[in-house]
Amino acid sequence: MKIGYPCINRSLACTAGSTFRMASYSEERLLETVRENLNCLEKMLAFNVNHNLLFLRLGSGIVPFASHSICKTDWAFRFRRELRSLGSFIKRYELRISMHPDQFVVLNSPDDGVVERSIAELDYHCRLLDTMGLDSTAKIQIHAGGVYSDRYSAVQRFVDRYQLLDSNLKKRLVIENDERLYSVKDCIEISRKIRIPVIADSLHHECLNNGESWKEALEAAGKTWKKKDGIPMVDYSSQEKNRKKGNHATSLNSRHFRKFLRETKDLDFDLMLEIKDKEKSALKALRILNTIKY
DNA sequence: CCATGTCAAGGTCAC
DNA sequence: GTGACCTTGACATGG
């Protein structure tokens, strides 16, 4: 099991997702920002290797406005050497990589404009990973989308749109259960139609499920991953107390995490810790993992 | 210099 | 139909 944290490392003085307002867009500003972001990413990768955190989610903000029409720069070409070099580092140390474009990516929207922008955003994510030279085990995770008061049609739209995507993108795309609309079971049903791997998210499963246990859900999701996809990925979090359902914990709850490990000890997966204090909790999780007695 | 309003992008729910 | 919420950081402006 590789353990990781998403996008931001609070122990470092830099961020790999610094951006700027669209009103102040210029090519110079873009190039300067991307250069800084990639420098920071290099530091994050080194930190991770040094601390044995071998799973990392890359933030979507590495190339600001990459999928927007305002961006006319061929960023992948301009930064091909830097990206290739980061990719080599990732492969040398066998780091696992994921990305998670945010809520604006909705493949099954009834609005064609939304779909078009979503695909452009996915293409950006895919191109970043491609340019790094990473194989199909580096994944891009999205949610199934909206329901629009007609679930059957909404799922059908997802399936139809998926099949039209570029094969390069399809080999990286995976779907994750969300906390309100599409459960693990719903995602697996979609997966049956189009063979897309399913990422199980523990907190979302607590919020929305079909009566199956977490282990059952995890096992079923794991079976949707083929050899070319790599070891299944799993998102873990726990509920922050006194906050609305689905709110991510501020820091790792040791007891909850030990229980999670006990319940899933027979399964192999890479674990993304969606905890607000990021690498701090990831390190804590690693210590627990290394000392646990079943 | 600091406080705070605002930022590319969507969907759902309550009212 | 409109606004709050989701969730979050940090840019950027105005005082």
Side-chain angles (χ1 to χ4, degrees), chain A residues 5-30 32-34 36-37 40-41 44 57-73 75 99-125 140-151 153-155 157-158 161 175-183 186-187 201 203-204 206-208 235 237-251 272-281:
Chain A
Y5 60 94
C7 312
I8 295 169
N9 183 313
R10 300 191 192 287
S11 308
L12 297 174
C14 65
T15 152
S18 68
T19 184
F20 50 89
R21 297 291 164 84
M22 196 160 77
S24 44
Y25 187 94
S26 70
E27 183 170 70
E28 295 70 43
R29 185 81 189 265
L30 179 79
E32 179 195 335
T33 305
V34 174
E36 285 169 8
N37 285 344
C40 184
L41 184 55
M44 276 176 78
R57 182 180 298 167
L58 305 184
S60 297
I62 292 172
V63 185
F65 306 103
S67 71
H68 194 281
S69 58
I70 199 173
C71 177
K72 307 277 194 258
T73 304
W75 51 268
M99 296 190 82
H100 192 352
D102 52 11
Q103 61 191 346
F104 310 109
V105 170
V106 188
L107 270 189
N108 77 345
S109 172
D111 180 332
D112 289 340
V114 171
V115 176
E116 195 178 317
R117 288 188 287 277
S118 296
I119 293 173
E121 180 71 356
L122 289 174
D123 283 340
Y124 148 61
H125 283 76
I140 300 169
Q141 64 188 94
I142 57 173
H143 295 291
V147 166
Y148 313 95
S149 60
D150 180 356
R151 179 173 290 266
S153 306
V155 166
R157 273 198 307 277
F158 185 93
R161 261 83 181 249
I175 46 174
E176 178 198 345
N177 59 310
D178 64 76
E179 76 277 29
R180 292 200 325 280
L181 303 173
Y182 292 93
S183 64
D186 296 329
C187 291
D201 180 300
L203 180 56
H204 294 164
E206 284 179 22
C207 298
L208 175 71
D235 285 348
S237 188
S238 63
Q239 172 69 38
E240 175 72 4
K241 284 201 178 66
N242 306 324
R243 294 294 304 275
K244 190 166 285 193
K245 200 169 145 186
N247 208 285
H248 290 190
T250 311
S251 70
M272 181 56 61
L273 293 161
E274 296 188 318
I275 310 282
K276 285 183 190 147
D277 63 2
K278 308 287 177 183
E279 82 287 352
K280 195 171 160 215
S281 278

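Protein chains get the first letters and strands the later ones, always in sequence-line order, with residue 1 at the start of each. Note that the structure is a prediction, hence the values are computed from the model and not measured.
Among the nucleotides C:dC11, C:dG9, B:dG10, the one closest to any side-chain atom of A:Ile8 is C:dG9. Here C:dC11 is the nucleotide among B:dA8, C:dT8, C:dC11 with the atom lying nearest to any side-chain atom of A:Thr19. When distances are taken from the side chain of A:Phe20 to each of C:dG9, C:dC11, B:dG10, the shortest belongs to C:dC11. Comparing B:dA8, C:dA12, C:dC6 against the side chain of A:Ser24 picks out C:dA12 as the nearest. Of the candidates C:dC6, B:dG11, B:dA9, B:dG11 carries the atom nearest the A:Val106 side chain, counting heavy atoms from C-beta on.
For A:Arg21 against B:dT6, a side-chain-to-base donor-acceptor contact under 3.5 Å is present.
Using a 4.0 Å heavy-atom cutoff across all strands shown, A:Val105 reaches no nucleic acid atom at all. As judged by a 4.0 angstrom heavy-atom cut-off over every strand, A:Phe65 is placed among the base-contacting residues. A:Ser109 comes within 4.0 angstrom of the backbone, heavy atoms only, and of no base.
Between the CE atom of A:Met22 and the P atom of B:dT6 there is a distance of 17 Å, rounded to whole Å.
Residue side chain A:Phe104 meets the stacking definition with respect to B:dA9: its ring centre sits within less than 5.5 angstrom of the base's six-membered ring centre, and the planes differ by less than 30 degrees.
Aromatic ring centres of A:Phe65 and A:Phe20 lie closer together than 6.0 Å.
Under the Watson-Crick or G-U wobble criterion, with both distances below 3.5 Å, B:dA3 is paired with C:dT13.
Under the side-chain contact (heavy atoms from CB on, under 4.5 Å) rule, A:Tyr182 has a single partner from A:His143, A:Arg151, A:Glu176, which is A:Arg151.
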